Amino acid sequence: MPADRRLRAAVLSLATAGGALLSPAAMAGSCTWVGFRDVVDVPAPAVIVLGERHGTQPDLNRAAKVVRKLARQAPVSVALEAVHHRFQPILDRYAQDKVEAGDLPALLDWDDSWGFAWRPYAALVTASDLDGVGVIAAGLDLGKKPEEAEIPIPPRYMDLLRPAMGDHPMPASMEPRFVQSMAWRDHEIARRGVEGWDGSGYLVIVTGRGHVEGSKGVGWQAALQTQAPVHAFVLKAGKEPPCYAGDRLWK
């Protein structure tokens, strides 16, 4: 497989499935289990990063529930990795009642631009139906970091990413590009969310759990871009979740 295709596949795999499974000994006592109240009791202003398993209804239901609850307390901006940033005008037109909800999958080129089922995301994409809620298109193309772009990279990021390769290890020569590609995606999702938020109330960023686990992904990048506190949660733990130090998993 050509290097660029392999790189895109690896980025997609991690963003979708999350990190590696750790042994019980490695998991013990390293993360915190939380519930709905722990998420929605975060005081405003704040950034809340929610890590989902792409296309998984329970995870996305939880994200939508969080948005609805927070919207009763303060203004909310929702940034979605699932919607490519080129579609922001479509989201804006929908918020202005110039687009019908039923037309959104076609207008957003959903099947080709995202590829996961529309229905689990519908409540989030149309969250501007709620008073005081705006929706931000924070997605971007898979692939390597542009040559001219300069971004911060978390320390020892590859140590977190490498175990997730499982039975398909990456050649050592590709690791630096892979780290840069993952950090680039983290950075851009965070940047588009933060820049689309006016700083009042809450910014909720919904992204793949692989960009949340290990405390070195979108939340880490967002914390460098805003003075507001940043809180990250993994929406669904699963049967044998990775449990990295500092992570908060919604039980």
Side-chain angles (χ1 to χ4, degrees), residues 2-20 45-52 54 77-88 113-114 135-165 170-199 203-234 242 244-247:
D4 284 351
R5 286 182 58 193
R6 185 168 184 170
L7 191 64
R8 286 195 294 272
V11 171
L12 177 60
S13 176
L14 272 181
T16 303
V47 177
I48 297 176
V49 183
L50 302 177
E52 51 125 341
H54 290 334
S77 294
V78 184
L80 302 176
E81 180 195 3
V83 183
H84 195 285
H85 64 82
R86 71 178 182 272
F87 294 120
Q88 186 64 54
S113 69
W114 186 237
V135 183
I136 301 166
L140 65 156
D141 295 331
L142 291 172
K144 63 182 182 180
K145 177 186 74 68
E147 293 294 335
E148 70 280 4
E150 295 185 7
I151 57 167
I153 296 178
R156 303 188 66 177
Y157 199 13
M158 192 61 209
D159 291 347
L160 175 67
L161 301 175
R162 188 180 292 110
M165 297 294 99
M170 177 173 292
S173 61
M174 286 186 63
E175 288 186 353
R177 291 178 61 196
F178 180 54
V179 167
Q180 291 178 357
S181 295
M182 285 295 292
W184 166 251
R185 192 167 185 85
D186 297 337
H187 179 272
E188 285 299 284
I189 293 167
R191 181 182 70 81
R192 292 187 182 279
V194 170
E195 290 185 357
W197 179 45
D198 66 6
L203 169 62
V204 179
I205 303 176
V206 182
T207 185
R209 63 184 291 169
H211 294 288
V212 177
E213 293 166 336
S215 305
K216 293 183 178 182
V218 171
W220 188 89
Q221 296 285 350
L224 299 178
Q225 300 177 41
T226 177
Q227 294 183 349
V230 177
H231 307 264
F233 303 91
V234 177
Y244 299 104
D247 279 3

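What you are looking at is a predicted structure, and each value in this text was computed from that prediction instead of being measured.
- Residues Ala245 and Ser215 approach most closely at O-OG, 3.9 Å, considering heavy atoms.
- Ala79 and Gly193 get closest at one heavy-atom pair: CB-CA, 3.8 Å.
- Thr226 is linked by a side chain to side chain donor-acceptor pair (under 3.5 Å) to nothing, counting only residues two or more places apart in sequence or in another chain.
- Scanning all heavy atoms of the two residues, the minimum distance from Gly214 to Tyr244 falls at N-CD1, 3.6 Å.
- Here the NE2-CG distance, from His187 to Leu140, works out to 11.5 Å after rounding to the nearest 0.5 Å.
- With sequence neighbours excluded, the residues satisfying side chain to side chain donor-acceptor pair (under 3.5 Å) with Trp114 are Tyr121.
- Take Pro155 and apply the side chain to side chain contact (heavy atoms under 4.5 Å, CB included) test, not counting sequence neighbours, and it matches Trp220.
- Side-chain contact between Val212 and Leu50: absent, with no pair of heavy atoms (C-beta onward) separated by less than 4.5 Å.
- Looking at Arg192, its side chain never comes within 3.5 Å of a backbone N or O of Glu81 through a donor-acceptor pair.
- Among residues two or more places apart in sequence or in another chain, the side chain to side chain donor-acceptor pair (under 3.5 Å) test is passed with Gln225 by none.
- Side-chain contact between Val83 and Val135 is absent, with no heavy atoms from C-beta onward closer than 4.5 Å.
- Nearest heavy-atom pair, Ser77 versus Ile136, reported as atom, atom and distance to 0.1 Å: CB-CD1, 4.0 Å.
- In terms of heavy atoms, Pro154 sits closest to Ala183 at CD-CB, 4.4 Å.
- Atom CZ of Arg191 and atom CD1 of Ile151 lie 11.5 Å apart (nearest 0.5 Å).
- The two residues Ala190 and Ala222 make their nearest non-hydrogen contact at CB-N, 3.7 Å.
- In terms of the side chain to side chain contact (heavy atoms under 4.5 Å, CB included) criterion, residue partners of Arg86 (sequence neighbours excluded) are, by chain and number, His84, Asp109, Ser113, Asp141.
- By the side chain to side chain donor-acceptor pair (under 3.5 Å) test, Asp186 pairs with Tyr157, His211, sequence neighbours left out.
- Note that CE of Met158 is 9.5 Å distant from CE of Met182, once rounded to the nearest 0.5 Å.
- Among residues two or more places apart in sequence or in another chain, the side chain to side chain contact (heavy atoms under 4.5 Å, CB included) test is passed with His231 by Val42, Ala46, Pro229, Phe233, Arg248.
- Taken from NE2 in His85 to CD1 in Ile189, the straight-line distance is 11.0 Å, to the nearest 0.5 Å.
- By the side chain to side chain contact (heavy atoms under 4.5 Å, CB included) test, Gln180 pairs with Lys145, Ile153, sequence neighbours left out.
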